[in-house]
There are 2 protein chains.
Amino acid sequence: MSPHDVQEAVRQTYQAYLTRHGLKSTVQREIIIKRFVKSRGHLSADELYAALREEHPSIGLATIYRTLKILTEAGIAREQRFNDGFTRYEFNGPDDRHHDHLVCTACGRVEEFENREIERLQEEVANIHGFAINDHKLELYGLCPDCARSGRNVG
Amino acid sequence: MSPHDVQEAVRQTYQAYLTRHGLKSTVQREIIIKRFVKSRGHLSADELYAALREEHPSIGLATIYRTLKILTEAGIAREQRFNDGFTRYEFNGPDDRHHDHLVCTACGRVEEFENREIERLQEEVANIHGFAINDHKLELYGLCPDCARSGRNVG
DNA sequence: TTCCAATTGAGAACAGAAGTCAAATCAACC
DNA sequence: GGTTGATTTGACTTCTGTTCTCAATTGGAA
């Protein structure tokens, strides 16, 4: 899927969500969403706010929070709480599968991975305990190659 | 290990930590720790505060937080942040191995599990990405048997 | 017992997130 | 295109879990 197709697919999902909930499309939301989709990283509301401040200084932090909430409810974004105290939002593209995270405890870098075998074992564990799983979270914390090499160990 | 032995082992670890860091033993800390070890569950600071309020109304919430921090640093407690917004502390007994959690999204019940095979696969993933892992977090969210049966789905 | 650093409880301070509200904006209708 | 009314905005306040501050108290080595 090309970046343009992705933007288009997101736009459709977003519009459908607005219509379904009687919400309106606004220029602020357009700007925020475009920027969010472009930077596929794991952004916090504050980081997104900072990223937009230069070009669009009038957009308030509250609007960022509200838009990210809409995106989350529309299934376009996913909330991620790592161990640094605040919520990050990751882009959940139209053809993205579930994945988990490797988090560097020194530089904060986040890498994604997917492992079908681990997921299968999780199902197995849930079955044994009689739980009906509908979500899970797996995070591996440690040093990324760069930080391990340079001997860093704090953020 | 009998409950008494556990209390004794914890006491020793705790005392060693105090000595090593030039800290003092106080009655408040004794009370908090005894209660914390007794209830092996996944308590938040506020829940512990509430549990102690009746018998020891003079103990402040700040002291609970401070004591839990000491216990965490001494390796007796472990911080757990599930998705309900606040920190829970779980007892990390002298002979406890690492384990992960099944969390019921309806009633909040937490069950522990251990799976060597999953841990092995995690190591494998980390190796492929060149990360040096020193911690991880695996949480499975869903409905516990009771809540699934009774059709509950909210907390 | 004396003495001083560590600890306490109460309340203030903090930070991320969410709520409030008057002014601005969107979009359906004429 | 203009009118209209509900939605949205940004600035601000509020909320909540957690940490800090500080004067008063306590622990324990000498």
Side-chain angles (χ1 to χ4, degrees), chain A residues 11 14-33 35-36 42-74 77-89 108 155, chain B residues 11 14-33 42-74 77-89 108 155:
Chain A
R11 172 173 238 86
Y14 164 63
Q15 288 296 348
Y17 182 87
L18 293 188
T19 308
R20 190 152 21 97
H21 291 80
L23 304 179
K24 289 174 178 170
S25 169
T26 71
V27 289
Q28 289 90 337
R29 285 180 185 167
E30 296 284 333
I31 291 166
I32 293 167
I33 294 171
R35 191 71 177 74
F36 176 71
H42 301 78
L43 290 169
S44 67
D46 207 65
E47 285 166 346
L48 192 47
Y49 178 59
L52 290 172
R53 191 156 37 202
E54 201 172 330
E55 274 193 80
H56 306 279
S58 70
I59 294 181
L61 182 56
T63 301
I64 309 256
Y65 273 108
R66 288 185 283 234
T67 304
L68 285 171
K69 176 168 259 182
I70 289 176
L71 290 180
T72 302
E73 281 160 6
R78 234 186 326 229
E79 291 187 357
Q80 286 288 347
R81 259 175 279 267
F82 297 131
N83 274 343
D84 61 352
F86 50 108
T87 306
R88 292 175 181 284
Y89 296 80
Chain B
R11 172 174 239 86
Y14 164 64
Q15 288 295 348
Y17 181 86
L18 293 189
T19 307
R20 191 154 16 100
H21 290 79
L23 305 178
K24 289 172 180 173
S25 168
T26 71
V27 290
Q28 289 92 334
R29 285 179 183 168
E30 295 285 333
I31 291 166
I32 294 168
I33 293 171
H42 301 78
L43 290 170
S44 67
D46 207 65
E47 285 166 346
L48 193 47
Y49 178 60
L52 290 171
R53 192 157 37 201
E54 203 172 329
E55 275 193 81
H56 306 280
S58 71
I59 294 180
L61 184 54
T63 302
I64 310 256
Y65 274 106
R66 287 186 283 234
T67 305
L68 286 171
K69 176 168 260 183
I70 289 175
L71 290 180
T72 302
E73 281 161 6
R78 232 182 331 224
E79 290 187 357
Q80 288 288 346
R81 258 175 279 266
F82 298 130
N83 274 343
D84 61 352
F86 50 108
T87 307
R88 292 177 179 286
Y89 296 81

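Protein chains get the first letters and strands the later ones, always in sequence-line order, with residue 1 at the start of each.
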Interatomic distance, A/Tyr89 atom OH to A/His42 atom NE2 [nearest 0.5 angstrom]:
13.5 Å

Gap separating the CD1 atom of A/Ile32 from the CG atom of A/Leu68, nearest 0.5 angstrom
7.0 Å

Can you give the donor-acceptor pairs under 3.5 Å from side chains of residues 49-62 of chain A to other protein atoms, not counting sequence neighbours?
none

Show, in sequence, the C-alpha distance, side-chain angles and deciding distance for B/Tyr14 and B/Arg29, and conclude whether the side chain to side chain contact (heavy atoms under 4.5 Å, CB included) test is met.
CA-CA 10 Å; B/Tyr14 164 64; B/Arg29 285 179 183 168; 3.3 Å; yes

For B/Arg88, check salt bridge (charged side-chain N to carboxylate O under 4.0 Å, His left out) against everything at least two apart and list the hits.
B/Glu47, B/Asp84

Taking salt bridge (charged side-chain N to carboxylate O under 4.0 Å, His left out) as the definition, give me every residue that meets it alongside B/Arg66, ordered by chain and number, with sequence neighbours left out.
none

Do the side-chain N or O atoms of B/Arg29 get closer than 4.0 angstrom to the phosphate oxygens (OP1, OP2) of D/dG27?
no

Residues which pass side-chain hydrogen bond (donor to acceptor under 3.5 Å, both in side chains) with [X], listed by chain and number, not counting sequence neighbours:
{"X": "A/Thr26", "answer": "none"}
{"X": "B/Ser25", "answer": "B/Glu30"}
{"X": "A/Gln28", "answer": "none"}

Atom-to-atom span, [atom1] of [X] to [atom2] of [N] - whole angstrom:
{"X": "B/Leu52", "N": "C/dG9", "atom1": "CG", "atom2": "P", "result": "11 Å"}
{"X": "B/Leu18", "N": "D/dT26", "atom1": "CG", "atom2": "P", "result": "19 Å"}
{"X": "B/His21", "N": "C/dT7", "atom1": "NE2", "atom2": "P", "result": "12 Å"}
{"X": "A/Ile64", "N": "C/dG19", "atom1": "CD1", "atom2": "P", "result": "17 Å"}
{"X": "B/Gln80", "N": "D/dG17", "atom1": "CD", "atom2": "C1'", "result": "17 Å"}
{"X": "A/Ile32", "N": "D/dT8", "atom1": "CD1", "atom2": "P", "result": "13 Å"}
{"X": "A/Leu23", "N": "C/dT25", "atom1": "CG", "atom2": "C1'", "result": "15 Å"}
{"X": "B/Glu73", "N": "D/dT19", "atom1": "CD", "atom2": "P", "result": "11 Å"}

Pairing residues for A/Phe82 by the ring-ring contact (aromatic ring centres under 6.0 Å, His included) criterion, not counting sequence neighbours
A/His101

Please list every donor-acceptor pair under 3.5 Å in which a side-chain atom of residues 15-24 of chain B meets a protein atom from a residue at least two apart or in another chain.
from: B/Tyr17; atom 1: OH; to: B/Glu73; atom 2: OE1; distance (Å): 2.8
from: B/Thr19; atom 1: OG1; to: B/Gln15; atom 2: O; distance (Å): 2.9
from: B/His21; atom 1: ND1; to: B/Tyr17; atom 2: O; distance (Å): 3.0

At a cut-off of 3.5 Å, list every protein nitrogen or oxygen paired with a nitrogen or oxygen from nucleotides 13-15 of chain D, distance to 0.1 Å.
none

Along nucleotides 10-18 of chain C, 5' to 3', which nucleotides get a B, which get an S, and which get a -, given that the test is a protein heavy-atom distance under 4.0 Å?
B-----SBS

Show each protein N/O and nucleotides 26-30 of chain C N/O combination with a separation under 3.5 Å, one pair to a line.
from: C/dC26; atom 1: O3'; to: A/Ser25; atom 2: O; distance (Å): 3.2
from: C/dC26; atom 1: O2; to: A/Lys24; atom 2: NZ; distance (Å): 2.9

